[in-house]
Every structure is written in C-alpha cells, then in structure tokens.
Amino acid sequence: MGRDEYQFAEIEKKWQARWEELRLFEAREEDPRPKCYVLCMYPYPSGVLHMGHVINYTIGDVIVRYKLLRGFKVLSPMGWDSFGLPAENAAIRTGVHPHEFTERNIARMTTQMTRAGWGYDWDREVATSHPDYYRWTQWFFLKFLEKGLAFKKKAPVNWCPSCQTVLANEQVKEGCCERCGTQVEQKDMDQWFFKMSAYAQRLLDNHAKLEAGWPESVIKLQKEWIGRSEGARIFFKVAETGDEIPVFTTRPDTLWGVTFLSLAPEHPLVEKLVRGTEHEARVMEAVREMRAAGTSEKELAEREKVGVFTGFHVINPVNGEQVPLWVANFALMTYGTGAVMSVPAHDQRDFEFARKYDIPIRVVIEPEGQELDPDTMEEAYTEPGTMTASGPFTGRKNTEAMRDIIAWLSEHRLGEAEINYKLRDWLISRQRYWGAPIPVVYCDTCGIVPVPEEDLPVLLPTDVQFVEGAGNPLATSASFVNTTCPKCGGPARRETDTMDTFVDSSWYFLRYCDPHNGDRCFGDEAVRHWMPVDQYIGGIEHATMHLIYARFFTMVLHDLGLVDFDEPFTRLFCQGMVCKTAYYCQTHKYIPEDQVTGGHREGDAIVGGTCALCGGPVTSEMTKISKSKLNIVDPDAMMDRFGADTVRLYMLSDAPPDRMQIWSENGINGAWRTVNRLWSLVVSNLGALSAMDEQVPGDLDDTGREIRRRTHQAITKVTSAIEGGFQFNTAIARCNELLNLVRSSEGRIHPAVLRETLETVLKIVSPIIPHMAEELWERMGHRESIFTSGWPEADPAVAAEEQIEIPVQVNGKVRSRLHVAPDVAREELERMALADERVQRFIGDKRVVKVIVVPGRLINVAVK
RNA sequence: GCCGGAGUGGCGGAACGGAAGACGCAGAGGACUUAAAAUCCUUUGGCCGUACGGCCGUGCGGGUUCGAAUCCCGCCUCCGGCACCA
C-alpha cells in the first residue's frame, strides 16, 4: 500500500511544483538551443475551463514538451483576451466592475490550467485589458491613423431603440433584440475602420507562403472570404435626372440582356431620387421594411428576395435602352458599388426576381444549335454559349469575347476593367466600455485630433455607471468625455468608442516576445529572436476572422518597419470540436443526461428514454459540448476523478486531433485503465531492472531481440506519427502494442532490455502523460527531469526484421504466406511462390499470366 | 444555393495503390472473490461449414489497375462554414 499505488493527485502536484522550480518552461534568449515558438490561441477569461480549451491546450502542451525533448528552447506563453462583452454584461447584471470580474476569472483559470499540467512561461503572461497592454493597442491605432489606414465612415449597425445600444448579430434573434424583444433597426453610424481592403490582394498572394504549414481547408476558406472576382465597372445613367450609377459585374458579356437595375436599400441615391416625387411614400416605405431586419449576413441570405420599382429608369450605355430602376434587398451596399445590373435570362436569381415582378427577360447567350425562348424558359441559362443581339459581339463565343468586351467598353468610355473583393474594411468601433479606448478627441476648432503618444494610455475611467438601457457606459463618465484639445488647448470631447477585441488579439503574439517592455510595444531584438510563431494551435472557427485580422495587422506592422516579416504564423493546426450526446424533449427542450429515464444504451447514447420531468419521449443527437445543449463536461471534475494525465491521454487517444472528438464515459475509463496498467507494469518491475549503466549483452535471446526490435520500431513510428500531422492516436496505439508485448513476455526479458524498453516508452509518452512519466522515470533511478533527457533515437540495425512474412495472392486473393529473410531476391521470391503447394492448388490448370513481386510486401500471381 | 470535410465491425477509429478492421471501448466466456467492483486470461466483421476451409464485406453505381477503403467519373447521406458576391 501507499508508495506503489498510483496516487495521481499527489504525483501531479509534486511534478507541477518541480517544473516550476526547474523553470522548465522559461524561455531565455541567451539559451543557445534553437528556438521554437509554440502558441495556443489565448482564451477569453470566462472563469471556467471548458473541453474546447482542454483539447486545444493539451495538443499545445504535447508539442511543447516534444520540442523540449527534441532539444529546442521553447517559447510557450499564455495570456488573456480579457476585454469583451461578457464582463460588461456581468457589470450591468450584478454591479461588479468588469475589471474585478475579469481579474477574478483570470485567477481561477490560471489555477485550472496549472492543474492540467500545461507548461507555460508565466512570466510572459499578458492581459489585453491591462493598461500596459492596451496602451500599445492604442499606439498602433495612432500609427494606422498616421498612415491613413484608420478612418471614419458611416456604416449600418443593429440598433435597439429601447436598450439605446448597438447589438451584435448574435444578440439579434429573428429581427428582435435578444434581451428586450424590441424590433431591431438598422441605423447608420459614424464608425472607425481599418483599411483592410487595401491589403486584399496581398493577403491572397501571401497564401503561397503558408501552403506548407497551414491546413489546406483554412487557406480555401480565407480565399473564399477574400473573394477576388474579375469583371468590369460599367457606367449607367438615370434617364430622368442624369445621375450616374456605376455597376460592377463579372458578366459584361450579358450587358445587352440587362432588363432592370437594382440599388441596395441603403444606397444614398434612392432617397435622393424619390424625394418630393409621387414615388417617395411607396418606395421609402418599402425601403424601411427591407431594412427592418438585422445586418447579419445569414439573415440577409435567408430572407425572401423582394424589391420595389423606383419610378425611374436607367440608360444601358451599350445600346441606349431604358430599363427600370428598382430597389432590391439582394443588392448589397457593402459589395461592389451597391448597384446590380440584372440579366434574368442568364442569372438564376435575376430570373426568379423577374418572373415574380413580371419584368421582361431577354436572351443574349444561346447554347450551341439551340434557341432559347424567354417566355417558356424555366430557369436562367448560365452555361457558355454564343452571343446574340449583342451589338458588335453578336455571333461570338461569350467566354472568348469577355476580354474584348471590356477593352471595347473602356475604349468607348462606357466602363473599365475592375477587380472586386468580398473582403471589407475592418469595422473596429464598438460602443462599449470594456475595450481599449480609441485615442482621439473631438475639438470644435481642430476637428479629429489624435491623442499624443506621450499621453497614452487613454485610461478607462472608473466613474462609470453600468445601467441597462443607457447605451455605452463609457459615455456616462464626465471625467472621461470632457477633456482639452491637445492641439489648441480648448475644450474637447473624447471618442467614447472602444476597439474591437480582434485588434487586441492581432498582436498579442508579438507582446509575448517582450512582455515587460515599458518604452516600446516590443523590442526589435526580442521579436526578431522569437518570431514568427513556429506552431499556432486553435479552433477552426477562427479561420477567417482572427487569422485574417492578425495577418493583416502583421503586414501593416511590416510596412511600418516595426517587424521584418509579414506573416506571423508559419504553421497552423486546427483542432476538432469536442462533442457529446445531447438529449431533447419536446416540452423541456434540451435536458441533461441524468434527466433521461428508462431506455437502453446504444454506444454512448440512451435510446428510447423518457423525460424525467414530463414522461415525454427523448431524442438524442451528437453535438458540440455547450451550455445551451446541457451536455457539458466539467474538466475540473474529470481531473478530480481521474487526474490530469488520464484526461490528457483520453483527449488524444481516440481520434486524430483535427477531427471531432467524442466525449464518452467508456472512453475515459479506457484511458484510466491504460494509465494504470503502465503504472503497475513499471512499478512491479522496478526490482527486476538492471543497474542504470548496464549494457545490453551481445548474445541476446530471441525474446530480447524481439523486444528490442519492437522498441526501436516504436520510436520510429511514434516520431513519424507526431511529425506527420500530430497523429497522437496512432502514437498511443504503438505504445500500447509495445506494452502488450512486454507484458506477455514478463519475467523472460533481460533486465537491460527491460530497462531500455521501459525508459523508451516513458520518454515517448511523456509529452502526453508528463506527471506519471516523470514519477516513474525518477523511480527508475533518474535524478534529472525526463524532459531534459532527450528524445530517443532508433537504431536501424536493432529495428531490422530477421524474418518477414510475405502474403502470396492468386488473382488478388491471399492464398498463402512465405516466411523469408527480408533481403531475399525478387526471382527467388517468385520461385518460392510458384512452388508453394497452396498456391499451386489455386492455380490449378489455369495459365499463369503474370507474377507481380513487390519485395518485402507481397506477391500476386495473375492466372487465367 | 455555394464552399469545404467525412462515410470502414455493436462504437471511437487503423491501414506509402499491396494482408481491411491496428489500438482502444463495448459484448461473450473463464480465473480470482462468500459476493460485487477492480484486475487478469480467452474470444468477438457477416454468412456457410463439425472441421481443414470457403464466400461476402470499407455509403451506392460505374471505371482505371495484376491489385482500390485509397485514384478517376456519376450519385446518395451526414457534418461544418457561408457574406444572394451580381
């Protein structure tokens, strides 16, 4: 009893303290080892660790420890994305100041993280809500402003008139405010932007640099998000007023088929045109209806396509024809010019709209040898074809004529070639308290005046009221708002918008390199030393937003001469989400598993159960672990029951880490058993081990040679499983195989071989179950941490097979097996195969057509 | 609708174009125990057969190949992402 028991709580605490003493995760520039910067996306300090963090940070920690074993000095920092809405909502709800709320959560989560055994250089901790951090966020804003990359423009926001506040898309539910149910309005507000669109092409081009280290799917998603499209800008004019309406189109070849033009509801021309006309009331009412929903793109996508005729017409520049001008909710102010030319014959959406509103359809592209009739067409014709009724281009193939059409348009000054991007400028203004204040003041005489650098940080005031329905709390602080103009000394007002938290997270990886620098955002030397990040790890949900913002920000910093690279993350890994069965009852919606009664288990799900509250039937689904689906797993409780090592092992042992992980009680039990079996195998054999320096004898028996062979093969396999895409599940399987073999040969293994094998296993599992590996390593007589002992190296001579089994197929079906030395020649293999009695039987009286010999793999005899 | 990813035993999943189902879970049988839990051993894709063994089998249908879970074409289903992109 006692010492030989696996007492994980004690062991884990002991080694966490030891690592701290050893400063195992301290990263020093003067350390001569090569550097490796391993970074996990920092968390919002919600106060509790969830399973998403556990998988993310466990993967990160395994890589950190693996790199340590491989002889790198590893930079492994951790910090807090500590600005954001939840703290402010909590303040409104409970009266606790966001700062206090945040600090409390940070303290709680730090404890949980340490307990999980994740190793960080805590001296480098940053929190974006601390003034010594946001001072530099503000400083970057000033640099962007100087460069003309920060600017103000009007943009529509979701506005709740009752809360007097701007809502995030997430807070808008079916067009209404989530909190009070009031109908949300679209309101145009003056907002700060970063000119990210100017970097669209570069963000696209630079993907070439990332192809080697980023998942292909993320690059694809970003390409789609940036959305480059080539086409033309074409100048239409309003027939009645002469106002010019430029339109972007990717299909200038269909220009002769335009039968109407549509403006976005928020297009400024709409109001200008109809004001004071007979159409005003009708059109503006329709516009108001179209704008009555939220600004979320999803909402825009799912709503029905509607429009209203403005009463005006536009002139098609290529043929002088007048076509009606509409306002339509499918025209987006945020893309292109906010105006769309519509060709119902060759665009499905336009086709449906035209049929709905009885707008003419004109065919200008026809398929080979076929005539299209606008009256009987059932869908738009979008394939390539021959142009008809298209002026000088009639008779040409549309795909081939495209370039000439654009040249012709610009020659006649009717249009010009244009490239458009879906990527928009980055709206950074937030009408919130808990964020970095945008460092500008408004002066009646001088206008917008940046706060001088030496006056940074612009601190968040404390005399603020957090009251529901009062709008931005920051605007309630008189001491904050009222200031003097830095230029003229006259009275001025401070900007009360704060910055999007994505601005904070666009440079935190740089601050980690030099976190205590009080004079600069970071030192050149430190950043040159550690950056770029060698391995970044985080959720796929950040594929577009965060990862594009951070790339853009880094490019700007590069252009400002602040860093000498323009891509921050060399390699990226995205882990899968953690899922678990959730249960749903018609009346009580999602219910926790312990509220399901009866039924039977089918795998991890209870099938045919009933709701404990109402007796109604319960259905199950496998879905992402979340509070709202009541299927959460508390990592802390799991670590209480099984210890951190078991939880870590389980997270990695079942599926490849980039796939969905399924949390099951059976699964964690299996990991628990695995960990215990390793423990008892080592502990029970401690007495049988040889002295630490005893050599493996030269004349080893079969068992010894076999065990050594498998051990050295395991090293190779585990190493390549980790290097080739973090396949920890197969790495763990290889260790299990080896341990199973050792167990079945127990008592017959030479002590020196046993030591070699157990030490090897401990090393290769140490990144995954570090506490147990350290403890057993120590009990085997080692004085130094296993993480300073180096990664094992396989000896090819030891790993080489003495005899191999080669399957012999006849017509692709295995009929026999040959046992041969690995270097038997091709001819000899063929001879042996054909001579084989079983093979002979299956050849029978058929004719051997061909014999395929893959040395070392298999033989296939093709017969007819 | 568009884009991306995935479909393999009862389950999670293995498998450079070369032995399908590694490793683990669950199940069955057994040992230990007064008993249970824990642990250990055996067994486990389906069908036929007493057996040696044979046949079938990686979502469906074709194709390439001596050989396909893997490559190609066409479909189906599920998951994820999305901003009607003119």
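Basis for what follows: all heavy atoms, side chains included, without hydrogens, waters or symmetry-related copies. Here is how names work: the chains are called A, B, and so on, in the same order as the sequence lines, proteins then strands, and each is numbered from 1.
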Checklist entry - What does A/R233 touch in the nucleic acid at a heavy-atom separation under 4.0 angstrom: a base, only the sugar-phosphate, or nothing? => result nothing

Next on the checklist: By the 4.0 Å heavy-atom rule, please label A/K717 as base, sugar-phosphate, or nothing.
Outcome noted: nothing

Checklist entry - So, is A/N676 near the phosphate of B/A38, with a side-chain N or O under 4.0 Å from OP1 or OP2? => result no

Checklist entry - At under 4.0 Å between heavy atoms, what does A/G227 touch on the DNA or RNA strands: base, sugar-phosphate, or nothing? => result nothing

Next on the checklist: Tell me if the side-chain of A/R817 makes a donor-acceptor pair with the base of B/A19, cut-off 3.5 Å, by modelled atom types.
Outcome noted: yes

Checklist entry - Considering only heavy atoms and no angle criterion, is a donor-acceptor pair shorter than 3.5 Å present between the side chain of A/N666 and the base of B/C25? => result no

Next on the checklist: What contact category does A/Y650 fall into here, base, sugar-phosphate, or nothing, at under 4.0 angstrom with non-hydrogen atoms?
Outcome noted: nothing

Checklist entry - Given A/S653 and A/N729, is the side chain to side chain donor-acceptor pair (under 3.5 Å) satisfied, shown in steps? => result CA-CA 4 Å; A/S653 64; A/N729 57 326; over 6 Å; no

Next on the checklist: Evaluate A/E801 against A/R710 for salt bridge (Lys or Arg N to Asp or Glu O under 4.0 Å), listing each step before the verdict.
Outcome noted: CA-CA 9 Å; A/E801 295 285 356; A/R710 299 292 165 224; 2.9 Å; yes

Checklist entry - Looking at the side chain of A/L332, which of B/G18, B/G13, B/C84 is the nearest nucleotide? => result B/C84

Item to check | Nucleic acid contacts of residues 721-735 of chain A, taken as heavy-atom distances under 4.0 Å to RNA chain B | outcome: A/Q727, A/N729, A/T730, A/A733, A/R734

Checklist entry - What nucleotide among B/A19, B/C85, B/A86 has an atom nearest to a side-chain atom of A/E805? => result B/A19

Checklist entry - Do side-chain atoms of A/H542 reach the backbone of A/L547 as a donor and acceptor pair under 3.5 angstrom? => result no

Item to check | Sugar-phosphate only, base, or nothing, as touched by A/V854 at under 4.0 Å among non-hydrogen atoms | outcome: base

Next on the checklist: Please classify the nucleic acid contact of A/N860 as base, sugar-phosphate, or nothing, using heavy-atom distances under 4.0 Å.
Outcome noted: base

So which protein nitrogen or oxygen atoms get under 3.5 Å of nucleotides 63-65 of chain B's nitrogens or oxygens?
none

Checklist entry - To the nearest 0.5 Å, how far apart are CZ in A/F330 and CZ in A/F353? => result 5.0 Å

Checklist entry - Within the structure shown, what part of the strands sits under 4.0 Å from A/K220 by heavy-atom distance: base, sugar-phosphate, or nothing? => result sugar-phosphate

Item to check | Side chain of A/R251 - closest among B/C56, B/A19, B/A86 | outcome: B/A86

Checklist outcome for this item: Secondary structure of RNA chain B per the Watson-Crick/G-U criterion (both distances under 3.5 Å; [ ] crossing, | other strand, . unpaired) is (((((((..(((.....[....))).(((((.......))))).((((....))))..(((((..]....))))))))))))....

Checklist entry - Cationic tip of A/R233 within the cone over A/F248's six-membered ring, i.e. under 6.0 Å and within 45° of the normal? => result no

Checklist outcome for this item: Comparing nearest nucleotides in RNA chain B, the 5'-proximal residue of the pair A/G336, A/W672 is A/W672

Next on the checklist: Base, sugar-phosphate or nothing for A/T250? Non-hydrogen atoms, less than 4.0 Å.
Outcome noted: sugar-phosphate

Checklist entry - Can you tell me how far the OG atom of A/S684 sits from the CH2 atom of A/W679, to the nearest 0.5 Å? => result 11.5 Å

Checklist entry - How would you label the contact of A/N669 with the nucleic acid (heavy atoms, under 4.0 Å): base, sugar-phosphate, or nothing? => result nothing

Checklist entry - What's the base orientation of B/G67: syn (chi within 90° of 0) or anti? => result anti

Checklist outcome for this item: Quick note, A/R673 side chain, CB onward, closest among B/C82, B/G4, B/U39 is B/U39

Checklist entry - So what does A/R815 hit on the nucleic acid, given a heavy-atom distance under 4.0 Å: a base, only sugar-phosphate, or nothing? => result sugar-phosphate

Checklist entry - How would you label the contact of A/I234 with the nucleic acid (heavy atoms, under 4.0 Å): base, sugar-phosphate, or nothing? => result nothing

